[in-house]
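Worksheet: one structure, shown below.
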Amino acid sequence: MKLLTTISSLREYLDAQRAAGKTVGLVPTMGALHEGHASLVRRSVEENDVTVVSVFLNPTQFNDPKDLERYPRTLEADCALLEGVGAQAVFAPSVAEVYPEPDTRTFSYPPTDSVMEGAYRPGHFNGVCQIVSKLFDYVRPDRAYFGEKDFQQIAVIRRMVADLGLQLQIVPCPVIREASGLAMSSRNTLLTDEERTIAAAIYQTLRSSLEYAAAHSVEQTRQWVIDTINAVDGLEVQYYSIVDGESLADVTLWDESAHIVGCITVFCGSKPIRLIDHIAYKR
């Protein structure tokens with residue numbers, strides 16, 4: 001497995017692969033890899049001749065400097081995991097390599113990028129689009145793989161790909177969960193054992209809400225999920241939105257869309273750690 005740290009070395013490597021007629025898959029990550037990331041890489045390895053995994057902690061998508069500061073950095077362990085699941089190359093550039101000067105580009109795809117995470121983390125999705133568009137330019141992949149845990153992010157990236165007229169396939173991959181149901185996340189490493197146990201109530205409540213929703217309105221279901229999770233000591237819901245699965249606009253009736261998803265963000269513990277998850281009511 002190759003470890004590449006410059007754009008020029010990445011392009012040189014990939015030019016040679018394409019000259020040999022090989023297809024390329026990209027798995028963008030911010031590092032601190034876990035089984036969820038490994039599942040994306042395995043999927044790419046199955047579907048492409050060459051899989052490139054980017055490991056880059058992108059500063060432009062963090063609107064809270066403290067959040068960026070405490071994000072785990074584990075490149076050596078990440079590379080060991082990636083080699084074990086068959087990645088051919090890791091692209092791990094410095095911030096200066098990716099941003100030799102400030103990226104002043106702006107991306108705007110309302111309501112997809114202006115609700116939920118977009119409302120609570122101003123600039124977040126602009127930063128996501130900045131780095132993902134750069135990676136697509138560097139790698140020029142045939143397919144790019146993203147975990148459905150970041151449900152809203154995938155919707156925004158699809159809008160960006162269409163807007164820029166990029167010729168690649170976005171491949172969403174299922175959420176990988178711990179035995180408790182907690183969605184795997186690099187942020188989970190920041191939880192204590194007790195907090196990790198408490199956090200399992202998030203998905204348990206979302207699952208229970210499927211049955212609740214069968215006999216209640218959208219708004220009643222939304223409020224029930226918020227109240228149920230807030231009743232757990234150590235958890236506090238930032239938002240719970242029930243939305244159209246494509247546009248991410250709020251829905252008010254269960255029959256107004258064929259694809260309805262509930263998206264949640266919860267603060268866990270005393271630090272606190274911000275956790276996201278979602279569940280499909282209709283798809």
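Residues: numbered from 1 along the sequence shown. Side-chain atoms are counted along with the backbone in the values below, which use heavy atoms only and exclude waters and symmetry mates. Predicted model only: the values in this text are computed from it and were never measured.
Using modelled atom types, one finds no donor on one side chain facing an acceptor on the other under 3.5 Å when comparing T112 with R158. For the residue pair S94 and E97, no side-chain donor N or O sits within less than 3.5 Å of a side-chain acceptor on the partner. Between the side chains of S209 and Y281, at least one donor N or O sits under 3.5 Å from an acceptor N or O. If you check the side chains of T265 and Y120, you find no donor sitting under 3.5 Å from an acceptor.
Ring orientation note: the planes of H278 and F151 are tilted relative to one another, at an angle of 30° to 60°. Below 30°, between 30° and 60°, or above 60°: for F107 and Y109 the angle between ring planes is between 30° and 60°, a tilted geometry. The aromatic rings of Y71 and F62 stand perpendicular to each other, their planes meeting at an angle above 60°, with 30° marking the opposite boundary.
The pair R274-E117 meets the salt-bridge criterion, since a charged nitrogen lies less than 4.0 angstrom from a carboxylate oxygen. Salt bridge present: D15 and R140 bring a charged side-chain N and a carboxylate O closer than 4.0 Å. Note on K66 versus D64: no salt bridge recorded, every NZ/NE/NH1/NH2 to OD/OE distance being 4.0 Å or above. Classification of D277 and R177 as a salt-bridged pair holds, one side-chain N sitting under 4.0 Å from a carboxylate O. One finds a salt bridge joining R222 and E219 here, because a Lys/Arg side-chain nitrogen approaches an Asp/Glu carboxylate oxygen to under 4.0 Å. Classification of R11 and D137 as a salt-bridged pair holds, one side-chain N sitting under 4.0 Å from a carboxylate O.
The closest side-chain heavy-atom distance from L275 to N188 is below 4.5 Å. A heavy-atom distance below 4.5 Å is not found between the side chains of F91 and L26. In this structure, the side chains of D250 and V115 stay at 4.5 Å or more apart for every pair of heavy atoms. Under the 4.5 Å side-chain criterion, counting only non-hydrogen atoms from C-beta, V132 is in contact with F146. At a threshold of 4.5 Å between non-hydrogen side-chain atoms, the residues V128 and M160 do not count as touching.
When all heavy atoms of V175 and E148 are compared, the pair lying nearest together is CG2-C, 3.8 Å. Nearest heavy-atom pair, L135 versus P28, reported as atom, atom and distance to 0.1 Å: CD1-CB, 3.9 Å. Contact between A89 and Y13 at its shortest, heavy atoms only, is CB-CE2, 3.7 Å.
The one candidate from K282, E246, R283 that meets the side chain to side chain donor-acceptor pair (under 3.5 Å) condition with H259 is E246.
Distance check, rounded to the nearest 0.5 Å: CD1 of I198 to CG of L182 gives 11.5 Å. One finds the CZ atom of R159 at 13.0 Å from the CD1 atom of I157 (value rounded to the nearest 0.5 Å). Expressed to the nearest 0.5 Å, how far CD of Q130 lies from OG1 of T106 amounts to 8.5 Å. Note that OG of S185 and CD1 of I276 are 7.0 Å apart. Values are rounded to the nearest 0.5 Å.
When the shell of 6.0 Å around CD of E256 is examined, it contains more than 12 heavy atoms from other residues, nucleotides or ligands. Shown here is R207, whose CZ atom has no more than 12 heavy atoms of other residues, nucleotides or ligands within 6.0 Å.
Residue V232 is grouped with residue V237 when hydrophobic side chains (ILVMFWY) are merged at heavy-atom distances under 4.5 angstrom, including chains of intermediate members.
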